[in-house]
Chemist: 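First, the structure itself, so that you have it in front of you.
No hydrogens, no waters, no symmetry mates; every other heavy atom, side chains included, goes into these values. Here is the naming used below: chain letters follow the sequence lines, and residue numbers restart at 1 for every chain.
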Number of protein chains: 2
Amino acid sequence: MATGRTHRPATRSRGIPEATVARLPLYLRALTALSERSVPTVSSEELAAAAGVNSAKLRKDFSYLGSYGTRGVGYDVEYLVYQISRELGLTQDWPVVIVGIGNLGAALANYGGFASRGFRVAALIDADPAMAGKPVAGIAVQHTDELESIISDNGVSIGVIATPAGAAQQVCERLVAAGVTSILNFAPTVLSVPDGVDVRKVDLSIELQILAFHEQRKAGEEAAQDAAQAGATAPAPARASRVLPDAAATPATAATGPATGAATAPVASADARDNQGPDGDVPAVMPA
Amino acid sequence: MATGRTHRPATRSRGIPEATVARLPLYLRALTALSERSVPTVSSEELAAAAGVNSAKLRKDFSYLGSYGTRGVGYDVEYLVYQISRELGLTQDWPVVIVGIGNLGAALANYGGFASRGFRVAALIDADPAMAGKPVAGIAVQHTDELESIISDNGVSIGVIATPAGAAQQVCERLVAAGVTSILNFAPTVLSVPDGVDVRKVDLSIELQILAFHEQRKAGEEAAQDAAQAGATAPAPARASRVLPDAAATPATAATGPATGAATAPVASADARDNQGPDGDVPAVMPA
DNA sequence: TTGTGTGAATGCCTTCACAGCT
DNA sequence: AGCTGTGAAGGCATTCACACAA
């Protein structure tokens, strides 16, 4: 399920697996660091370690791009940096707009990782008239009314949504109507978009919940072990290191469905009544 | 599973696929929305649409938790909210600390999605003495010196790193030494951690690069089609192109540790020259 | 000898399709 | 009749292990 796959003439002669695409930025970062230290070549083993993956995977990934390495030697750092950049489309300029200049929007606007990767913040947009004109990260915030003209005047095809959940779907529709075809969504809502538009979602709450799941399990195992070997050894090493899946490899595509039905997500939910005595659950986390 | 299931939910969490765990928060959010609208039951089809996945996948996911639905009817919203919350460990309180109170750290501190899901910001920590005492999101920022005592006094097991790349590894080590076993990393660096510690990474730059990859491909297809049939205009985007991404250097450090092949976490990018400022110029997350 | 490139094997995830409960 | 729960099948992704190039 590639992102935004339509049932049209799907020319996929150049099929790089999604999982591989998601790791290319990772390799690129490691390679850039090596490049700055003037390291001429690097082996798959070294690069893999720097990127946090295993070497077999890295070699397989690179094999999809072509044979850019030299047997018995390794990969030429500079050359590889260029090839990956080109493959990712970073050799061209990508103007992006950020909609919703709250704490997060401001953080994104100030993020330095943009420029060096070919991304240029073309505009900051906010619905609050009071924000208009205010400079954030050296750029004057513009009002939502200007959204359409900004997009078309700058040829923007990538938009970042950092608005509250309630406004996300509407902003999304305006962006798409104006010509944006790729959206990075930070609002906790499932955006519904037409075919051909890619959506990627980032949600801190979700990441934390996944961590909590594993954390809870760790606590359970510990308890079980402690119980099993009551006071046996002190330095009880919970050898169960859990390797979490990367959060980056999630395509996230348009929600099928007709209308934009349930677009509103709760930012302040009423929480569940969690009094019910959960079976065998630890009541609290570590006593203070 | 032919395992006869009785009325008693026996927490068979032993083998919930990672992919499923990653989707549970998604279902939970959709269910919470339904709950607030007082919807009593929901079918896999409806819930799947609201969560942006397909129904077969959703049913399969739920089957790992147990049989919480009713054939011919659907799922009881309230009950499912509770079951998923419990499975994720959200029925307990998770104190978290946020290290690095720059734009991003502040955005995270202000995020409303925490409290409603069992997460409580126990403390905000920053290395800049000038920040100490300053209130952010109603909480006074504390200096890094207090890190260890804060962690142990509050029984914190989850830490969020929103510092510049250069400080991330060190902060990570202190957090781990103090007892933190789950880390959400926003700094564009591969963290090296001992076994038993989970790390999840969020990186805006990577997300944008993945979008750029697909966007580039779309442009290519479009061009092919446009060439085949000139005319039929639309908000034709005009993109300037800048050859080569280089130009500026990317000092950022890569605290790469061979590690035991454990620590799994996607990496990041973003240049971020080591401006020691408290201003975490890191990717971000969260709705404003 | 060293380290890439890659068929083959393995395992995980998704999708299908239908049996079975309400 | 409707919808869940789930074996079975099909796709991807990862890992293995080794032929082959330098």
Chemist: Just how far, in rounded Å, is P of C:dT4 from CG of A:Asp76?
Modeler: 13 Å
Chemist: My understanding is that only residues two or more places apart in sequence, or in another chain, count here; which of them pass side chain to side chain contact (heavy atoms under 4.5 Å, CB included) with B:Val96?
Modeler: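 Residues passing side chain to side chain contact (heavy atoms under 4.5 Å, CB included) with B:Val96: B:Phe119, B:Val121, B:Ile158.
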Chemist: Start at the 5' end of DNA chain C and walk down; is the nucleotide closest to A:Phe62 or to B:Arg59 reached first?
Modeler: A:Phe62
Chemist: Whole angstrom is fine here: how far is it from OH in B:Tyr75 over to C1' in C:dC21?
Modeler: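 The distance from OH of B:Tyr75 to C1' of C:dC21 comes to 13 Å, rounded to the nearest Å.
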Chemist: Compute the centroid of each ring, for B:Tyr68 and then for B:Tyr75, and state whether the two points are separated by less than 6.0 Å.
Modeler: no
Chemist: Just to confirm, is there a sub-4.0 Å distance from OP1 or OP2 of C:dG3 to any side-chain nitrogen or oxygen of A:Ser44?
Modeler: no
Chemist: Can you check the A:Lys57 NZ to C:dT6 P distance for me, whole Å?
Modeler: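 So the two atoms are 19 Å apart, to the nearest Å.
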Chemist: Rounded to the nearest angstrom, tell me the gap between atom CG in A:Leu80 and atom P in C:dG3.
Modeler: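 Rounding to the nearest Å, CG of A:Leu80 and P of C:dG3 are 17 Å apart.
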Chemist: Whole Å only: how far is the CG atom of A:Asp61 from the P atom of D:dC12?
Modeler: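 Distance, rounded to whole Å: 16 Å.
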Chemist: What is the distance, to the nearest angstrom, from the CD atom on A:Glu18 to the C1' atom on D:dG11?
Modeler: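 Nearest whole value for this atom pair: 15 Å.
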Chemist: OP1 or OP2 of D:dA13 less than 4.0 angstrom from a side-chain nitrogen or oxygen of A:Lys60, does that happen here?
Modeler: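 Looking at the OP1 and OP2 atoms of D:dA13, neither is under 4.0 Å from any side-chain N or O of A:Lys60.
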Chemist: Does a side-chain N or O from A:Asn54 land closer than 4.0 Å to OP1 or OP2 of D:dT14, or not?
Modeler: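 Indeed not, no polar side-chain atom of A:Asn54 lies that close.
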Chemist: Quick one: is A:Arg71 getting a side-chain N or O under 4.0 Å of the D:dC18 phosphate, OP1 or OP2?
Modeler: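 No, because none of the side-chain N or O atoms of A:Arg71 sits under 4.0 Å from OP1 or OP2 of D:dC18.
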